[in-house]
Amino acid sequence: MSVLKIHNTLTRQKEVFVPINEGHVNLYVCGMTVYDFCHIGHARVMVVFDMVSRYLRYLGYQVKYVRNITDIDDKIIARSIENNENYSQLTKRFIDEMHKDEAALNVRHPDLEPLATDSIDDMIAMIKTLIKKEHAYIGANGDVYYAVDSFKNYGQLSKRQLDDMNAGERIDVDENKLNPFDFVLWKSAKEGEPSWESPWGDGRPGWHIECSAMATCCLGNHFDIHGGGMDLQFPHHENEIAQSEAATGEKYVNTWMHNGFVRIDDEKMSKSLGNFFTVRDVLKQYRGEEIRFFVLSSHYRSALNYSDDQLKESRAAIERLYTALRHVDAVENSIKSPYIERFEKAMNDDFNTAKAISVMFECANELNKLKMTAPDEASKLASDLLKMGEPLGLIGQDPEEFLHSDMGAKSTIKSDAIEKAIARRLQAKLDKNWALADQIRDELKDQGVILEDAGKETTWRRASA
RNA sequence: GGCUGAGUGGCAGAGUGGUUAUGCAGCGGCCUGCAAAGCCGUGUACAGCGGUUCGAUUCCGCUCUCAGCCUCCA
């Protein structure tokens, strides 16, 4: 039996995972800033860490999964002014939309989903401590800053030295700061901005402090795994470590996990570059499970290139798995099959979903072979296949329902119309009127419906027209 | 400038010091009224140059190319 190893950004190595409290895992992931629809990059974070939490549960751990929501920041304020919409109305709207995307991608809801604006008191308490311990100071402009020079391990996560970085590379150096890399903990409110009372006047929290406060409140000062996108490594997570460890005097996180980017034409997908596809848009053409498969088809730390061809391949792949599961009853396999063992070995190797999925295909291949010759064996393999799909959040739907499900504008013909056409074709076949039978089949094909004759039964599925 | 990561067959994408990844596409066959699905067979792949080794795509060095971060970002 292999053991779970996870790549830790702190050490840049795969490490055997040992939870702080036996049998329990505390997991925190940086979630979305809610001022717009989620794009495919956000989908990757949601899906990857959903898979991680599912697999940890699969292994028998009791998991507490926290994913925060950033519902106050500069971009939210800017967007609410732009829309002439109250900021909390705006964020509420996009939180709802995010939850819809989550459901479409078969992402389970995290155990806790704290809001930044519900955690202001905790942040203020932490900032007070930081000032008291002389890790933070009040600038001439009234903002509160964290003093990076006061934290000796600053740069440990992103593996960079303060001296090596080019301060002011992109942004003018703020002269209120002692060190250009000092960052804001509390920002004074400008006229008309949403604000909260604090010992330093009305204002709002800086970005990084919210995660330190929410994570430690929900999971304690020291917890097992903290995740997020690669781009959060610096400065966000570096700053979280600095704040949390300076405030609590304890180690903050054991294992840091960072997922790679989604790219388009070899360029990072991001809101600032404007080259993003929203989950909403992609769902118009592809099923949620196809997007999910696409995300899991490569290792979570590699770059993932988004393209229409990729989504089409994911469709073909997932359809193959569901096709294998048709017309077979899953019956629990009493012994642990080699497929399951190889699946677990792959997943234990830093969540190698690409390899794990390849094991599922091998299992599907054997299942297809045994379906006709040895139904009992096939039933066991079907059960194995479903067992592997569960932690990946794949192939959990009824196969017929999935294959019949609508997947976009091209296939709009209703199910009962399809059934009627199939009945007409059956009569034509009985009459040996092959020309008519083929014509009906071709007509359906033009409408995105593929027929498959199996003995006297005809099954159908939707495909791209 | 500093710091990361990556370059695998037509495409996508794992992995390994010597033996089949896997999926899609292609080709040949079985099955089928014909298809579809499925099954079987089929591909002289590992950026370049050196080195270590009996043997390297896999380890080491150099070169080239690409991507990411250096206070917007998942």
Side-chain angles (χ1 to χ4, degrees), chain A residues 9 12 29-33 38-46 48-49 73-75 148 155 158-171 173-174 177 180-184 206-208 227-236 238-239 258-263 266-273 276 293-294 297-299 301-305 307 309-310 312-321 323-324 326 346 349 352-362 364-365 367-369 371-372 429 432 434-435 437-438 441-442 445 450-454 458-461 463:
Chain A
T9 308
R12 309 284 157 122
V29 172
C30 289
M32 262 49 82
T33 301
C38 291
H39 60 60
I40 296 296
H42 300 120
R44 190 175 194 190
V45 180
M46 291 200 272
V48 162
F49 288 100
D73 91 320
D74 290 352
K75 291 186 295 300
V148 292
S158 50
K159 302 282 181 268
R160 59 187 82 200
Q161 305 292 319
L162 284 168
D163 298 344
D164 292 338
M165 291 190 282
N166 286 341
E169 173 85 17
R170 295 192 326 233
I171 299 231
V173 172
D174 181 344
K177 296 177 180 180
F181 291 102
D182 289 351
F183 52 91
V184 180
W207 174 34
H208 315 294
M230 289 270 269
D231 46 358
L232 298 184
Q233 239 172 73
F234 189 90
H236 185 54
E238 196 68 62
N239 292 351
H258 292 97
N259 66 274
F261 296 126
V262 176
R263 291 198 256 183
D266 286 326
E267 205 178 31
K268 175 181 169 183
M269 178 187 288
S270 76
K271 287 189 182 174
S272 47
L273 290 170
F276 61 90
F293 185 95
F294 163 66
S297 65
S298 75
H299 186 90
R301 280 189 286 117
S302 343
L304 181 61
N305 228 326
S307 74
D309 285 349
Q310 284 293 285
K312 282 197 180 114
E313 274 206 22
S314 297
R315 162 170 299 168
I318 200 82
E319 284 181 352
R320 179 169 159 79
L321 292 176
T323 301
R326 281 194 307 187
D349 184 13
N352 191 338
T353 52
K355 189 165 190 189
I357 286 171
S358 81
V359 176
M360 291 175 71
F361 279 105
E362 289 180 44
N365 175 259
L367 169 57
N368 282 330
K369 275 188 267 189
K371 249 197 243 178
M372 287 301 152
K429 282 179 67 178
K432 296 215 189 293
W434 307 125
D438 290 354
R441 187 169 62 198
D442 289 346
K445 194 179 177 191
I450 308 284
L451 297 191
E452 292 166 10
D453 294 337
T458 296
T459 55
W460 63 274
R461 63 192 164 88

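Throughout, protein chains are lettered first and strands after them, A, B, ... in sequence-line order, and every chain is numbered starting at 1. Quantities reported herein were computed from a predicted structural model and do not represent experimental measurements. Just the heavy atoms: all of them, side chains too, but no hydrogens, waters or symmetry mates, feed the values below.
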Touch class at under 4.0 angstrom, heavy-atom based, for [X] against every strand present:
{"X": "Gly228(A)", "answer": "sugar-phosphate"}
{"X": "Arg160(A)", "answer": "base"}
{"X": "Asn368(A)", "answer": "sugar-phosphate"}
{"X": "Ser298(A)", "answer": "sugar-phosphate"}
{"X": "Ser302(A)", "answer": "sugar-phosphate"}
{"X": "Ser272(A)", "answer": "base"}
{"X": "Gln233(A)", "answer": "nothing"}
{"X": "Lys268(A)", "answer": "base"}
{"X": "His39(A)", "answer": "base"}
{"X": "Met269(A)", "answer": "base"}
{"X": "Val262(A)", "answer": "base"}
{"X": "Asn352(A)", "answer": "sugar-phosphate"}
{"X": "Leu451(A)", "answer": "base"}

With rounding to the closest Å, how many angstrom separate the [atom1] atoms on [N] and [M]?
{"N": "rG18(B)", "M": "rU4(B)", "atom1": "P", "answer": "29 Å"}
{"N": "rC24(B)", "M": "rA14(B)", "atom1": "C1'", "answer": "15 Å"}
{"N": "rG61(B)", "M": "rC66(B)", "atom1": "P", "answer": "22 Å"}
{"N": "rU63(B)", "M": "rC73(B)", "atom1": "P", "answer": "35 Å"}
{"N": "rC27(B)", "M": "rG10(B)", "atom1": "C1'", "answer": "13 Å"}

### Separation of rG7(B) C1' from Asn305(A) CG (nearest whole Å)
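So the CG-C1' distance, Asn305(A) to rG7(B), works out to 13 Å.
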Indicate, yes or no, whether a donor-acceptor pair under 3.5 Å links the base of [N] to the side chain of [X].
{"X": "Asp163(A)", "N": "rG2(B)", "result": "no"}
{"X": "Arg320(A)", "N": "rC24(B)", "result": "no"}
{"X": "Arg441(A)", "N": "rA35(B)", "result": "yes"}

### Query
For Phe261(A), is the NZ or CZ atom of Arg44(A) found under 6.0 angstrom from the centre of its six-membered ring and inside 45 degrees of the ring axis?
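No, Arg44(A) and Phe261(A) do not form such a contact.
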### Task
For rG5(B), give its Watson-Crick or G-U wobble partner with both distances under 3.5 Å, or none.
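Result: rC66(B).
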### Query
Mapping Phe234(A) and Met32(A) onto RNA chain B by nearest heavy atom, which one lands closer to the 5' end?
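Between the two, 5'-proximity favours Phe234(A).
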### Task
Tell me which of Thr323(A) and Asp266(A) sits closer to the 5' end of RNA chain B, going by the nucleotide each one is nearest to.
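Nearest nucleotide further toward 5': that of Thr323(A).
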### Query
Does the distance from a Lys or Arg side-chain N to an Asp or Glu carboxylate O, for Lys445(A) and Asp442(A), drop under 4.0 Å?
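Salt bridge absent between Lys445(A) and Asp442(A).
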### Task
Look at the side chain of Phe361(A) and decide which nucleotide, out of rA12(B), rU22(B), rC70(B), has an atom nearest to it.
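Minimum distance to the Phe361(A) side chain belongs to rU22(B).
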#### Entry: ring centroid sep under 5.5 Å plus plane angle under 30, Phe261(A) with rA67(B)
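No, Phe261(A) does not stack on the base of rA67(B).
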